[in-house]
Amino acid sequence: MDQKAYSTPEFEAEYTYYGSDLGALRSPERTFFRLWAPTAEKAAVRLYESGDFGKDDLIEEINMAKDVCGTWVAEKPCDLGGVYYTFCVTIDGKEREAADPYAKAVGANGKRSMVIDLSSTDPEGWEKDKGVFFGKRVTDAVLYEMHVRDISSDGSSGIEHKGKFLGVSETGTETKSGNATGLDHIKELGVTHIHFLPSYDYGSVDETKPDGSEYNWGYDPVNFSVPEGSYSTDAKNGAVRIREMKEMIKSLHENGIGAVLDVVYNHVYHVDEFCFNVLVPGYFSRTDENGNYSAGSGCGNDTASERNMVRKYIVDSVKYWADEYHIDGFRFDLSGLLDIATINEVIVEVHESHPNAIVYLEGWDMPTAVTKPGIELAHMFNSEKMPGAAFFSDTFRDILRGKETEEKGFCAGAKGKKHAFDRCFMGMPFWCKTPVQSINYASCHDGYTLFDKIALSCPEYDFETRVRINNLAAATYILSQGVPFMQAGEEMLRSKKHPDGSFEHNSYNCSDFVNGIKWDDLHIPEYRKTFEYYKGLIRFRKAHGVLRMQSAEDVYSHVTIMDIDDENLAAYHLWGNVNGETSEAVFVVFNASNEEKTVELPVGKWGICIDGEKAGDEIFGYAEGEYVLPPFSAAVMIK
Ligand code: CA
């Protein structure tokens, strides 16, 4: 069938299925299968002994009957929980076998699905588990982006379950010299959510090799609604990864931390091997006029989210993660390839049962061959059309640290950036009209770590000065309006170095040596001090509602940008009884130069909570009239 036909109104009128019973549903008395495969001539369910793809252990093949809206159904009068299965369709006389697109459990490497009794995977007390962000709003969040392996893989972590979901939730772990590691460290830092790099089942790590010799970030989806097997202690048993991921999330919740998933619906690992595309040839992915797969993502194929059954699939999958795994937020990878209606529907559906779930998007504007007319894409320049979503501000990132490798950012003394910096501090870079939509950050998994970027752009500065620049950068985005976000380890000067000492900017398939967090660094005084500084910045942010305003009106009425004729000195006077603020006013100043600078203070006596050395929510000194800032430093005072 010509793939263009999939996007016609006629096809959609005839073949859109709205039910909620796709996949395999079991009870003690029966197991029911429903598959959407409108182009199939025949369809069957194949039951297998094991999840090992290719193994000759077929139990039974059950023919499916044609049902409504392009779906096929089959039923067995027994509980098939624990049994592996695939769907097999015949199209143009040829058999095509694949895993269930709606699979909730799979065998190793995800080529066979498994019927699962989900309640059997619930840890004790799961029914009482709930998110920890209740009653809070997106600007109250402090986000910490982490790969499951990185937190535990280094020997210094003291964590037993290295590279596993269970390693994330270990508490009481520490380095040899007694610095807390892992979850205890993250709690101490004070972030509100851990944002996990892809943790659904991806394809680039062989799950039958549990030694952790293969590493990948995981931006290569295979099963969108199943956890990744290499993070479990037994990838071959489809139930284990589900239980262990739930245990991890429960433990995070018990420790006051929410879980955000990085979801990558914009492309798949192998476009022709992806189960949905096997069963309904090419339906999931966009093709251009020449019939080639559209590849704006650079990953070989873009998802046709504008098609009804793809949109439904994405919405159902996200909602399932929120409901079944109690996920507290979603970060959409390359959302500019998806359409606005899909994102908005996800937000409405998830918020129905999880009103505090946060949604933010990597909203780069990218070319793609959309298959229907009039479709608008979910990139950052359409932010006004997705009021429930926030967007990564690469604008802020590039201003504060510099875009090109050797280019200095505002925080390292670059001139000509102050005006744009002011807008970022207000939480409203040029593409954004409200602070609830700006995710502010200095580093994420993509690109150099913040400290490596400073080293590369500031070769003339010594180690101590680079640390000062790092901490100034942290102060700028953590104290700005909007939502602060950091890559794990930034708070302890994380570096991604090869054995030869060179820096890595794209560590997606590098070893644990490059990617693992080096907990022993906390022995070094400057590293420990940086950690304390980040802790203090977060504590101050949490203590002052005036830094976390919810609307542009509030920001414009309660923040004055100080008029200072100096490209390297930026200051802000935040005042008034707004958003639960307890002090009369807050004064924030950044000296982004290698010289001492004197700033005139607004009238009154100011209590200093943050300077270039220390940060926290308590006053440790007073200033009146004027204040002298050391080179590359922030100062924050309250009245
Ligand atoms: Ca996998």
Side-chain angles (χ1 to χ4, degrees), residues 23 48 50-55 84-86 97-114 116 121 146-150 152-153 161-168 196-249 259 261-278 284 299-301 303 313 317 320-321 324-325 327 333 445 507-512 515:
Y48 292 99
S50 77
D52 305 342
F53 184 70
K55 193 169 172 189
Y84 292 87
Y85 70 100
T86 60
E97 183 180 10
D100 178 3
Y102 272 79
K104 297 183 164 75
V106 298
N109 293 326
K111 300 263 180 76
R112 285 182 182 170
S113 314
M114 188 177 105
I116 181 103
T121 64
M146 191 183 88
H147 186 282
V148 168
R149 285 196 68 79
D150 294 355
S152 57
S153 61
H161 292 99
K162 291 195 169 49
K164 306 296 181 191
F165 288 131
L166 294 180
V168 176
F196 290 95
L197 257 62
S199 296
Y200 54 75
D201 176 33
Y202 59 79
S204 52
V205 166
D206 185 349
E207 297 179 2
T208 61
K209 292 180 187 156
D211 58 353
S213 57
E214 295 179 7
Y215 178 101
N216 208 284
W217 284 345
Y219 291 90
D220 41 72
V222 173
N223 286 285
F224 281 106
S225 304
V226 180
E228 163 59 14
S230 66
Y231 300 154
S232 76
T233 58
D234 181 4
K236 291 194 156 198
N237 179 336
V240 173
R241 61 180 75 183
I242 300 175
R243 185 179 311 119
E244 291 180 346
M245 190 174 184
K246 285 178 174 174
E247 276 175 20
M248 174 185 82
I249 290 159
L261 286 193
D262 186 340
V263 290
V264 187
Y265 293 101
N266 66 81
H267 70 277
V268 298
Y269 185 34
H270 279 307
V271 65
D272 288 321
E273 290 176 25
F274 177 55
C275 53
F276 208 138
N277 279 339
V278 172
F284 195 81
C299 300
N301 58 89
T303 295
Y313 180 78
S317 175
Y320 171 73
W321 282 109
E324 185 64 32
Y325 288 85
I327 296 298
D333 185 64
H445 65 279
S507 65
Y508 76 100
N509 66 352
C510 294
S511 61
D512 288 331
N515 282 298

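Remember, it's a predicted structure, so these values are computed and weren't measured experimentally. Ligands are counted one by one from 1 in listed order, and the atoms in each one are counted from 1 as well.
Residues that satisfy the side-chain hydrogen bond (donor to acceptor under 3.5 Å, both in side chains) test with Tyr325, not counting sequence neighbours, are absent from this structure. For the side-chain hydrogen bond (donor to acceptor under 3.5 Å, both in side chains) test, no residue two or more places apart in sequence or in another chain qualifies with His267. Scanning for salt bridge (charged side-chain N to carboxylate O under 4.0 Å, His left out) contacts around Glu97 gives Arg46, with sequence neighbours left out.
Side chains of Asp206 and Thr208: a donor-acceptor N/O pair is present below 3.5 angstrom, by distance only.
Checked options Tyr269, Tyr265, Phe224; the residue passing with Phe274 is Phe224 (criterion: ring pair (Phe, Tyr, Trp, His ring centres under 6.0 Å)).
Inside a sphere of radius 3.0 Å centred on the Ca ion (ligand 1), the protein N/O/S atoms present are Asp201 OD1, Tyr202 O, Glu207 OE2, Glu228 OE1.
Aromatic pair His147/Tyr508: centroids not less than 6.0 angstrom apart.
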